[in-house]
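Model, not experiment: these values are computed from the prediction. Numbers here simply count residues along the sequence, with the first being 1. First listed ligand is number 1; within each ligand, the first listed atom is number 1.
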Amino acid sequence: MAISLKINKVTQSRIEQFDFEHIEFGKHFSDHMFKVDFKDGKWQDPEILPYGPIEVAPSISAIHYGQAIFEGMKAFKNEQTGKPQLFRPLENHKRLNKSALRMGMPEIPEDLFMLGLKTLIDIDQQWIPTKDGSALYVRPFMFATDDFVGVKPSSNYTFMIFCCPVNSYYPLPIKVLVEENFVRASEGMAGYAKAAGNYGISMLPTALAKQKGYDQIIWTDGKTHEYVEESGTTNLFFVINDNTVWTPALDGNILNGITRDTCIQLLKQKGLVIEERKIAIKEVLEAAKNGQLTDCFGTGTAAIIAKIAAIGYKGEDYVLPNAEDRLISNWLYQQIYGIQTGKVEDTFHWVETIS
Ligand SMILES: *Cc1c(COP(=O)(O)O)cnc(C)c1O
């Protein structure tokens, strides 16, 4: 059955006033957004409308109980053809539905998700920045909208997508602190879901680490605090002697990053040994002390690769090799951003062109 998509375009685009030279992450929005409501047990007719505030009841359980989930991906312009393209968007769709299931929310059909996504990016394609390293950040999200304040799953939901042009994002190598008190997720919780509450609870521990001079924290397991899980909202990689790569196995607490999977596939193809397993903070620090930890980074859509300069643990900082000289993280960044923008051949068929 064909979906009918209502399109209500802005009368005047804001693009003329937009300064592509001065973009701050997450502060600027393209002209349009996509919106579809879930009501009477089914998804209603979707629409594309001008980006702007939406009206919700004060009682919605998204606000009170965190029945809200999100995704994050990027759109790029192909350097050769100039056509907009997305990177592995079906993976975001699958993950959104896993988050939805965990939070007692309805799944969204693939055709509805992809129609909204592709039409929105097609309409707002002039908002995709083309300067090296930049992209259009795309934020799909779903939240509960019943006008009812009891703790039970809502019957009504809204799914939306909006877009933010983002600049080249080469973060400086970061200092991370191993967190041994606060926990992001533990067995049976919802660590694998991009559920709003998982991020709310991370803000205080992160702010406390910043007060101590760190940029971010490394989450450890909730039972023993001996094993590393993630760093902030990135998945962790540890490179030993530039030939073996450790990354924590997906144990239900860790978010299944699409950049993580992309790195694993690229590194396997390159012939490196990948160990997905439980990783003790002790072995990481031992490798750092011996000079065997040649590279260490977090992975995620926003930065692709966030290099780690130093790891703080029980009052001691373990300094890692100079960021510019890192073979693996520099190679991964070039490969991934290259595939995303059409500079590097897409042998894995990860790119979805919008025509
Ligand atoms: C989104 C996210 C990641 C990275 O996932 P990508 O699909 O690579 O962007 C990693 N950890 C957490 C906690 C996240 O929310």
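Polar contact with ligand 1: present for Tyr199 (N/O pair, distance under 3.5 Å). Where the criterion is an N or O separation shorter than 3.5 Å, residue side chain and backbone included, Ile258 meets it with respect to ligand 1.
Nearest protein heavy-atom neighbour of atom 3 (C) of ligand 1: Thr233 O, 3.3 Å. For atom 8 (O) of ligand 1, the closest non-hydrogen atom of the protein is Thr259 OG1, 2.6 Å. Taking atom 12 (C) of ligand 1 as the reference point, the nearest protein heavy-atom neighbour is Glu230 OE1, 3.3 Å. Among protein heavy atoms, the minimum distance from atom 2 (C) of ligand 1 is reached at Lys194 NZ, 2.5 Å.
The list of ring-ring contact (aromatic ring centres under 6.0 Å, His included) pairs with a residue in residues 47-95, not counting sequence neighbours, reads Phe29-Tyr51, Tyr51-Phe162, Phe70-Tyr199, Phe87-Trp350, His93-Phe113.
Within ligand 1, counting atoms from 1 as listed, the ones closer than 4.0 Å to a heavy atom of Thr234 are 10 (C), 11 (N). Less than 4.0 angstrom separates some heavy atom of Arg184 from each of these atoms of ligand 1: 13 (C). The atoms of ligand 1 that sit less than 4.0 Å from any heavy atom of Thr301 are 6 (P), 7 (O), 8 (O), 9 (O). Here is the list of ligand 1 atoms found below 4.0 Å of a heavy atom in Gly257: 5 (O), 6 (P), 7 (O), 8 (O).
Contacts between Leu255 and ligand 1, counted as non-hydrogen atom pairs separated by less than 4.0 Å, involve the side chain only.
Side-chain contact between Ile121 and Ile128 is present, with at least one heavy-atom pair separated by less than 4.5 Å. Side chains of Thr259 and Thr234 form no contact here, defined as non-hydrogen atoms less than 4.5 Å apart.
Side chain to side chain, Gln265 and Asp261 meet the donor-acceptor criterion of an N or O pair below 3.5 Å.
Between Ile48 and the options His32, Lys35, Lys9, a side-chain contact (heavy atoms from CB on, under 4.5 Å) holds for only His32. Applying the salt bridge (charged side-chain N to carboxylate O under 4.0 Å, His left out) test between Arg184 and each of Glu179, Glu229, Glu230 identifies Glu230 as the sole match.
Not close to ligand 1: Glu71, with no non-hydrogen atom less than 4.0 angstrom away. At least one heavy atom of Arg95 sits less than 4.0 Å from an atom of ligand 1.
Think of Tyr313 as one node in a network of Ile, Leu, Val, Met, Phe, Trp and Tyr side chains linked at under 4.5 Å; its network also takes in Ile174, Val176, Val178, Ile218, Val228, Leu236, Phe238, Ile240, Trp246, Ile279, Ile281, Val284, Leu285, Leu293, Ile308, Ile311, Tyr318, Leu320.
Here Phe20 and Phe18 bring their ring centres to under 6.0 angstrom of each other.
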Problem set entry | Lys83 vs Lys77, side-chain contact (heavy atoms from CB on, under 4.5 Å): CA-CA, chis, key distance, verdict | CA-CA 5 Å; Lys83 284 203 181 127; Lys77 269 199 182 146; over 6 Å; no
